[in-house]
Amino acid sequence: MLRVQDLVTAYGKIEALKGVSLEVAQGSITCLLGPNGAGKTTLMMTLAGILKPRSGSIRFSEDEITGLPPHAIVARGIALVPENRLVFPSMTVLENLQAGAYQRRSGFDDDIERMFTRFPRLKEREAQLAGTLSGGEQQMLAVARALMSRPKLLLMDEPSLGLAPLVVEEIFSIIAELHRDGATIFLVEQNAHMALRVAQRFYLMEQGRVTFSGDPGSLAEDEVIRRAYLGSSR
Amino acid sequence: MAPVVDFLQNCLDGLSAGAAYALLAVGFTLIFGVLRRANLSYGPAIMLGAYAATWLFLQTGAGLLVLFAVAVLATVLAGTYVERLCFAPHRKGAAAAAMVASFAIWMQLEELATLLLPRHLYAFPALYEGGPLTFGPFFVRVESLLILLAAVAVCVAGWKVLYATRFGIAVRAVIDDPRAAELSGIDVGAVSLRIFAVASAIGGATGFLIVASHEQVTPMLGMWSTLKGMLAMMLGGLGSLPGAIAGGLALGLIEAHSQWYFGPQFRDFIAYLLLFVLLAARPPWMNTRSAY
């Protein structure tokens, strides 16, 4: 569904992505692991159109989407739940969801109801300003807001970041639930143990390159987890 | 009894002048809120709009409604030009670059206006021919009431748009977090351009009301609008629409009272002194991150 080839993204002279190639299959949860500074967030930002790649290609359902602006990427059916959630703090929970459906113009009230059914905590806080929510609630709101654009592919950047273990469990059960409902998810995660429990396929990224890929449960899993946390010893 | 009458009359005069400042501050605030950049060319664009209307009046003797439309249209054109040239290219870059660019365009717009109409002063048709309304010992100009009415109307309409429309949601999302707005599928560049056009239309209408109530146009209108608008916006706490209105009215009141009690030479001095104190003391309503 998503095919990334030889993607290079740079900040000035420093290449954060040095030729990344990977694939995300339709209906799967694919997970990107790697230590801090490996370029995971840079990859997500490039896929979402916030950063322009220097070279390489991103194809989505056979269409070339490299270099499109973020709103055009959303229109194609890719939505990113960004790192640190980035909800709209001075807007209500309901308005955050409406903002997520911005491109749909109308007919999204049913979807808002659906979100409230899936995330009952958001329903309770419907009229509350998003900035006053707890970290876990903000993460749920960020996920719900991204879903409001009815994405074919959901990108998630470190959804467990800074959340208490119980809340992390809750977020991952939501991810598993979305997957059961047919969503395709590409997930960046530091929490390798959690991620490998839900993913069907994973990639390991180190220093701007994909250094390993495989299926969870394979023999190399322990080594991958070690490298995801610590980086390779090379 | 006389000091009380003077004080109240000063308040009326202050609110009258303040209504125009409030409108200017609303325009500045819309632009500042969405772009987080100060647009120094806002006043000069307004001046150019007033000049276009004056030019048309001299050529054809057109009526007030036509002049109003021309002032608004010309200001929107000038404002859009400023946005494309100064702000669209620097949306993610340095704020200083955009501000300096807008200063350069200020010079350009002023030159353009003086090429169009080279004399320093031109007469503009009066908004209202009759004298001021009197209530006992007090008097108010009808023009001032019209400007006050316009300020209230703009605020109410702005509130409705921001809180009850799809476009308003997009604008507030961009103000809250431009990155998150982009990721939600909002075209931030298009929203910025539209807000610039709306702010310019408000500016053009304000400029028209000001010159038609002063019954004259000078090139100083540009600098005057930028200074008064920014001062009022800062007094109101930067980035809030009700704050902009309050800041504008407060500035008018401060000026009217200082002029009466300390003399005209202290009018601006006291306004700027107060801004300095506010910026130094930073009371809680200042510099809040723009919740409209």
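Below, read A as the first sequence line, B as the second, and so on, with proteins coming before strands; counting in each chain starts at 1.
Counting heavy atoms from C-beta on, the side chains of A/Pro69 and B/Asp187 never come closer than 4.5 Å. Counting heavy atoms from C-beta outward, A/Pro82 and B/Arg179 have side chains that stay 4.5 Å or more apart. Between A/Met91 and B/Ile169, some side-chain heavy-atom pair lies under the 4.5 Å cut-off. Under the 4.5 Å side-chain criterion, counting only non-hydrogen atoms from C-beta, B/Arg166 is not in contact with A/Arg104. The shortest distance between side-chain heavy atoms of A/Ile50 and B/Leu183 falls below 4.5 Å.
From A/Met148, atom CE reaches atom OG of B/Ser184 across 11.0 Å, with rounding to the nearest 0.5 Å.
If you measure heavy-atom distances from B/Ala190 to chain A, you find no contacts under 4.5 Å at all. Neither the backbone nor the side chain of A/Ala75 comes within less than 4.5 Å of any heavy atom of chain B.
Within 6.0 Å of NZ on A/Lys52 lie more than 12 heavy atoms contributed by other residues, nucleotides or ligands. Counting non-hydrogen atoms of other residues, nucleotides and ligands closer than 6.0 Å to CD of A/Glu126 gives a total above 12. B/Phe103 CZ: 12 or fewer foreign heavy atoms inside a 6.0 Å radius. Counted within 6.0 Å of OH on A/Tyr11, heavy atoms from surrounding residues, nucleotides or ligands total more than 12; the atom is thus considered enclosed.
For the pair A/Tyr102 and B/Ala170, the tightest heavy-atom approach, listed with the atom from each and the gap, is CE1-CB, 3.4 Å.
By the 6.0 Å and 45° rule, B/Arg172 does not stack over the aromatic ring of A/Phe88.
Checked by atom type and distance alone, the side chain of B/Glu182 never pairs as donor or acceptor with a backbone atom of A/Pro70 at under 3.5 Å.
When A/Arg85, A/Glu95, A/Arg145 are compared by the number of non-hydrogen pairs under 4.5 Å with chain B, A/Glu95 comes out ahead.
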